[in-house]
*Asks:* 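The structure under discussion is supplied below as structure tokens; questions concerning it will follow.
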2 protein chains.
Amino acid sequence: MKNTIRVQRAIKNITQAELADLVQVSRQTINTIESGKYVPSTVLALKIARVFDTSVDNIFELEEGD
Amino acid sequence: MKNTIRVQRAIKNITQAELADLVQVSRQTINTIESGKYVPSTVLALKIARVFDTSVDNIFELEEGD
DNA sequence: ACCAAATGTAAATTATAAAAGACAATTTGT
DNA sequence: ACAAATTGTCTTTTATAATTTACATTTGGT
């Protein structure tokens, strides 16, 4: 699964640490999700989408292996 | 987090077992997600949404405790 | 170049999603 | 009412998400 968190952060101009704070997880959790190392829960995906005023589907997308 | 999987299944008229088959998980996984006992991964949420030709946000919604 | 902020990564631990199997309870059709 | 299909729930086990701490690397500003 791929995601556009980096782009969304750039648009809102916030750091990984700030995003982590906004959705109440550790900075490392944001970092590893952003770099595709692991898949967040749906609750976390919904919270991230809410921060960026968009949909989960607009941030996360399935790819071949999934 | 709440969801509308039961409704979506009714619309498409498919069983939990059939949905499980379509997204490649066990029937129990669908059952426990549908009854709110646990939160699926974002990959699974995307797959479920795809089965119902809709968005993750249209099926899963945050609530107070989340 | 220098400093500071931001990002990347690694190891260990904890929490929880997901699987499998089995059986109980409920619903649906005839 | 009966039988079959569907759904609910339990236990055990496995896989992986998430936390914490700590440190390395990179990026941006002056």
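Order of the sequence lines sets the chain letters (A, B, ...), proteins ahead of strands, with each chain counted from 1.
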*Asks:* Rounded at 0.5 Å granularity, tell me how far CD1 in I48(B) sits from OG1 in T42(A).
*Replies:*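 So the CD1 of I48(B) and the OG1 of T42(A) are separated by 7.5 Å.
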*Asks:* With a 4.5 Å limit on heavy-atom distance, are the side chains of V23(B) and I30(B) in contact?
*Replies:*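 The answer is yes; the side chains approach within 4.5 Å.
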*Asks:* Going 5' to 3' on DNA chain D, which nucleotide is the first and which the last to come under 4.0 Å of a heavy atom in chain B?
*Replies:* dT6(D) to dT9(D)
*Asks:* Supply the atom-to-atom distance E34(B) CD to N3(B) CG, rounded to the nearest 0.5 angstrom.
*Replies:* 6.5 Å
*Asks:* Counting only non-hydrogen atoms, which of residues 53-62 of chain B are less than 4.0 Å from DNA chain C?
*Replies:* none
*Asks:* Do the side chains of E18(B) and R9(B) get close enough for a salt bridge, i.e. N-O under 4.0 angstrom?
*Replies:* no
*Asks:* Quick one, F60(B) and V56(A) - any side-chain contact, counting heavy atoms below 4.5 Å?
*Replies:* no
*Asks:* Sugar-phosphate atoms are those with a prime plus P, OP1 and OP2; base atoms are the rest. Using that split, label each nucleotide of nucleotides 10-27 of chain C B, S or - for protein heavy atoms under 4.0 Å, 5' to 3'.
*Replies:* B------SBS-BB-----
*Asks:* Just to be sure I understand the geometry, which residues of residues 5-14 of chain A put a non-hydrogen atom under 4.0 Å away from DNA chain D?
*Replies:* none
*Asks:* Under the side chain to side chain donor-acceptor pair (under 3.5 Å) rule, collect the residues that match up with D57(B), sequence neighbours excluded.
*Replies:*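 Partners of D57(B) by the side chain to side chain donor-acceptor pair (under 3.5 Å) criterion come out as none, since no residue qualifies.
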*Asks:* Please collect all side-chain hydrogen bond (donor to acceptor under 3.5 Å, both in side chains) contacts where either partner lies in residues 43-55 of chain B, sequence neighbours excluded, each pair once.
*Replies:* K12(B)-D53(B), T54(B)-N58(B)
*Asks:* For the pair E63(B) (side chain) and M1(B) (backbone), establish whether a donor and an acceptor sit closer than 3.5 Å, ignoring hydrogens and angles.
*Replies:* yes
*Asks:* Rounded to whole angstrom units, what separation is found between the CD atom of Q16(A) and the C1' atom of dA5(C)?
*Replies:*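 Spelled out: CD on Q16(A) to C1' on dA5(C) is 12 Å.
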*Asks:* In this structure, would Y38(B) and I59(B) fall into the same cluster of hydrophobic residues linked by side-chain contacts under 4.5 Å?
*Replies:*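 Linked, Y38(B) and I59(B) end up in one cluster.
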*Asks:* At less than 4.0 Å, is any side-chain N or O atom of N31(A) found next to OP1 or OP2 of dT7(C)? Yes or no.
*Replies:* no
*Asks:* Can you tell me how far the CZ atom of F52(B) sits from the CD1 atom of I14(B), to the nearest 0.5 Å?
*Replies:* 4.5 Å
*Asks:* Should S35(B) and T32(B) be marked as a side chain to side chain donor-acceptor pair (under 3.5 Å) after you check the CA-CA gap, both sets of side-chain angles, and the distance that decides it?
*Replies:* CA-CA 5 Å; S35(B) 60; T32(B) 50; 5.9 Å; no
*Asks:* I'd like to know if the side chain of N31(B) reaches the main chain of Q16(B), judged simply by a donor and an acceptor atom lying under 3.5 Å from each other, with no hydrogens or angles considered.
*Replies:*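 Answer holds: no.
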*Asks:* Do L44(A) and T29(A) touch side chain to side chain, with heavy atoms closer than 4.5 Å?
*Replies:* yes
